[in-house]
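The model shown is predicted, which means the values in this text are computed figures rather than measured ones.
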Amino acid sequence: MEEIYRLSERDVPGASLRGRDINILTLVELKRWLACRGARRGGRKAELVERVREYIAIGLDKEIVDPDGGANIARKVATLRSQGIAHCESFYSTNFSILPGETLPSLPLSLTLDGRATLPNYLP
């Protein structure tokens, strides 16, 4: 049976605010935080601050995606396997956004432990 693991803020560099005030974050930090949630990163700093606040307000701040092409997923699975915890052949990450003006959901990506990325088969 395939196990599914979720990324947390600890797994992805730049995904955590670490208790800092959103208003003092740099543009690069705000964009990285939003990228870790699959959110749109365009706009001026005030718009990015507002987007971060919206994500936190509606609870999307806990939905972490891998903005680095699967590197963070692979690292987490490798760590868990080295600890004898991971027993899966695939790791799924769904990249989605639901705020107005955000991108449409993408398909879940399956990243195998040997580094191959595939899409799941949706046919019956």
Side-chain angles (χ1 to χ4, degrees):
M1 179 176 178
E2 186 174 300
E3 295 181 36
I4 297 176
Y5 297 91
R6 296 200 185 279
L7 290 172
S8 70
E9 288 183 338
R10 292 183 317 268
D11 300 320
V12 182
S16 174
L17 296 174
R18 297 184 303 272
R20 295 180 297 161
D21 180 359
I22 297 167
N23 294 309
I24 65 169
L25 297 176
T26 67
L27 196 58
V28 170
E29 290 171 317
L30 291 165
K31 287 183 177 185
R32 178 63 181 185
W33 190 92
L34 290 163
C36 293
R37 279 130 188 106
R40 191 171 65 84
R41 296 174 302 282
R44 296 175 17 176
K45 182 175 178 176
E47 295 168 320
L48 299 181
V49 167
E50 183 59 29
R51 198 169 304 135
V52 169
R53 288 188 195 288
E54 289 173 356
Y55 265 64
I56 292 170
I58 61 176
L60 288 178
D61 57 317
K62 304 297 183 237
E63 297 295 329
I64 309 297
V65 299
D66 192 340
D68 301 319
N72 299 299
I73 293 170
R75 184 173 34 256
K76 180 170 186 166
V77 172
T79 299
L80 292 173
R81 289 191 89 192
S82 71
Q83 297 170 352
I85 298 170
H87 303 288
C88 67
E89 287 301 317
S90 296
F91 186 101
Y92 288 94
S93 172
T94 305
N95 185 1
F96 65 93
S97 298
I98 61 170
L99 292 176
E102 300 290 323
T103 57
L104 293 175
S106 66
L107 293 173
L109 173 70
S110 174
L111 180 69
T112 60
L113 293 176
D114 64 2
R116 292 177 291 122
T118 60
L119 291 174
N121 183 1
Y122 288 104
L123 299 175

* Please examine the side chains of Leu25 and Leu48, heavy atoms only from C-beta on, and report whether any two atoms are closer than 4.5 Å. => no

* Find out whether Arg37 and Asp61 are in side-chain contact, i.e. whether some heavy atom of one side chain is under 4.5 Å from a heavy atom of the other. => yes

* Asked: Which pair of non-hydrogen atoms, one from Arg41 and one from Lys31, has the smallest distance, and what is that distance?
  -> CD-O, 3.1 Å

* Is any side-chain heavy atom of Val12 less than 4.5 Å from a side-chain heavy atom of Arg32? -> yes

* Please answer whether the main-chain N or O of Leu80 pairs with a side-chain N or O of Gln83 as donor and acceptor at a distance below 3.5 Å. => no

* To do: Could you pull out all residues at least two apart from Thr79 that satisfy side-chain hydrogen bond (donor to acceptor under 3.5 Å, both in side chains)?
  => none

* Taking all atoms of both residues into account, what is the closest heavy-atom pair of Leu27 and Lys45, and its distance? -> CD1-CA, 3.8 Å

* Any side-chain heavy atom of Glu9 within less than 4.5 Å of one from Cys36? -> no

* Please report the shortest heavy-atom distance between Tyr55 and Ala39, naming the atom on each side. => OH-CB, 3.3 Å

* Asked: Once you round to the nearest 0.5 Å, how far does CD1 of Ile22 lie from CZ of Arg51?
  -> 13.0 Å

* Distance in Å, Leu17 CG paired with Ile24 CD1, rounded so as to fall on 0.5 Å steps -> 10.5 Å

* Hey, does Val52 have a side-chain heavy atom less than 4.5 Å from the side chain of Leu34? -> yes

* With distance as the sole test, does Asn72 use its side chain to make a donor-acceptor pair with the main-chain N or O of Asp66 at under 3.5 Å? -> no

* Asked: Taking all non-hydrogen atoms of both residues, which atom of Gly38 and which atom of Val65 are closest, and how far apart?
  -> N-CG2, 3.3 Å

* Apply side-chain hydrogen bond (donor to acceptor under 3.5 Å, both in side chains) to Arg20 and list each qualifying residue two or more places apart in sequence or on a separate chain. => Glu29

